[in-house]
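Nothing here was measured: the structure is a model prediction, and the numbers come from that model. For ligands, and for the atoms within them, numbers begin at 1 and follow the listed sequence.
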Amino acid sequence: MKSVTIFGATGSVGQSAVDLIVRHPEDYDVVALTGGRNITQLAKDAVRLKAKVAVTCHDDLLNDLKSLLDGTGVEVAAGTTAIAEVAHRRADWTLSAIIGAAGLVPGLTALSHGTTLALANKESLVTAGPLLMQTAKDHGATILPVDSEHSAVFQALVGEEMDAVERIIITASGGAFRDWPVEKLAGATLAEASSHPNWDMGQRITIDSASMFNKGMELIETKEFFDVDPKMIEVLVHRESLVHALVGFTDGALMAHVGPPDMRHAIGYALHWPKRGNLPVERLDLAKIGRLSFEAPDPARYPALQIAADVMEMGGLAGAAFNAAKERALDLFIADKIGFLDMARIVSRVIDTMSARDGLQNAQITLENVMEIDALARVRAQEAMSELG
Ligand code: NDP
Ligand code: MG
């Protein structure tokens with residue numbers, strides 16, 4: 001039996017993981033499930049998966065969650081601190097699927113207990129990659145990528161030497177606006193940005209796919225996880241979202257990972273690693289699909305990619321500033337305070353200001369420094385919004 005904990009169990013990735021586990025309850029001993037506002041789902045899953053503890057990050061929902069789980073034997077807790085605390089209860093396998101920088105501390109804490117961390121929360125690597133990797137090393141823990149592109153790269157690298165890797169290509173669907181005239185992007189609405197052509201995901205990452213901030217984050221995630229030179233990483237627009245990544249080797253071979261756009265594949269790969277499980281995902285009929293297309297991303301349509309490439313070159317705490325500014329800009333877009341293209345303007349301005357004033361490049365990547373830069377970048381993003389007028 002494998003003991004498992006899911007951070008962000010009520011989200012899009014979390015629910016895909018619950019779906020895999022609920023099919024084989026005899027194989028898993030569920031330690032903790034965490035969620036946010038959706039306590040009905042959290043309580044339902046805690047009961048059917050026989051979790052020892054269920055935690056919501058919202059203090060004000062404690063009593064409601066208690067009522068939902070009254071008499072079930074499931075322990076209940078609430079608040080950000082409670083989430084960090086359950087990360088101290090060791091599990092063999094932990095899924096980090098909280099959205100945003102809030103996922104960093106639970107993941108780090110779980111790693112310090114030697115868990116195998118299945119990492120969907122890319123923000124952890126973008127904000128504090130070296131800290132995360134070092135913590136895993138220090139405690140004999142393992143990190144497995146769950147982002148589909150990174151799981152694909154990881155799988156293409158099985159049995160290979162990193163010295164033989166020349167390039168890593170991650171693919172992007174192009175998001176909601178891939179066929180829009182660039183001039184129309186400024187007027188894109190929240191509803192329009194919130195629909196993805198291929199993947200069914202949480203709203204925030206769906207909007208980040210339309211702007212390609214998601215792919216920008218994934219560039220940094222690739223650099224941090226695989227420890228490669230930023231110049232080796234490329235983005236390719238691939239509308240069908242079936243080839244998730246390709247690895248190019250020194251002999252000219254390209255190993256591509258092909259699969260349906262279903263997060264249960266990447267989660268299931270991490271759940272069964274180093275073996276392969278039998279997963280309930282679609283088997284592709286390539287004859288029916290017929291053709292796959294690839295094109296270079298248009299920099300005018302996706303300014304986020306260049307900002308991310310610059311941030312990747314800067315290193316240090318630039319990733320923490322980038323992520324926090326992006327999260328704040330996304331909040332402002334969702335709240336209808338700024339337009340779609342203002343997100344890239346704000347993040348770019350924050351990086352420019354902070355690299356000049358707040359010293360990003362050479363700072364040490366400690367949790368304290370990351371938190372400080374994260375908070376500062378959110379303030380700078382707000383200032384940048386006022387300056388844009
Ligand atoms: P969702 O928004 O669907 O879910 C996020 C989860 O985190 C929910 O359980 C939510 O609770 C909880 N949560 C939200 N805010 C906080 C907080 N401040 N503290 C603790 N918990 C919180 O996100 P996704 O599932 O889409 O994404 C999760 C992570 O996986 C992200 O890092 C994303 O980039 C990454 N990812 C997602 C993919 C996808 O297919 N969705 C693909 C690849 C990576 P509640 O909903 O109950 O409020
Ligand atoms: Mg991805």
**Prompt:** Can Asp19 and Gln15 be counted as having a side-chain donor-acceptor contact under 3.5 angstrom?
**Reply:** no
**Request:** Return yes if a side-chain donor-acceptor contact under 3.5 Å exists between Gln382 and Ser386, otherwise no.
**Result:** no
**Prompt:** the Mg ion (ligand 2) is nearest to which N, O or S atom of Glu218?
**Reply:** OE2
**Request:** With Leu246 as reference, evaluate Ile168, Ile170, Ile169, Val153 under the side-chain contact (heavy atoms from CB on, under 4.5 Å) test and give the passing residue.
**Result:** Ile169
salt_bridge([X], [Y]) N-O dist < 4.0 Å:
X      : Y      : value
Lys66  : Asp70  : no
Arg349 : Asp352 : no
Glu295 : Arg239 : yes

**Request:** Could you go through the salt bridge (Lys or Arg N to Asp or Glu O under 4.0 Å) check for Arg204 and Asp331 one step at a time?
**Result:** CA-CA 9 Å; Arg204 295 182 72 90; Asp331 293 340; 2.9 Å; yes
**Fill in**
Chain-and-number sorted residues having a heavy-atom contact under 4.0 Å with ligand 1 are Gly8, Ala9, Thr10, Gly11, Ser12, Val13, Gly35, Gly36, Arg37, Asn38, Cys57, Ile83, Ala97, Ile98, Ile99, Ala102, Ala120, Asn121, Lys122, Glu123, Asp147, Met201, Gly202, Ile205, Met263
**Asked** To the nearest 10°, how many degrees is the angle Glu149 OE1 to the Mg ion (ligand 2) to Asp147 OD1?
**Response** 100°
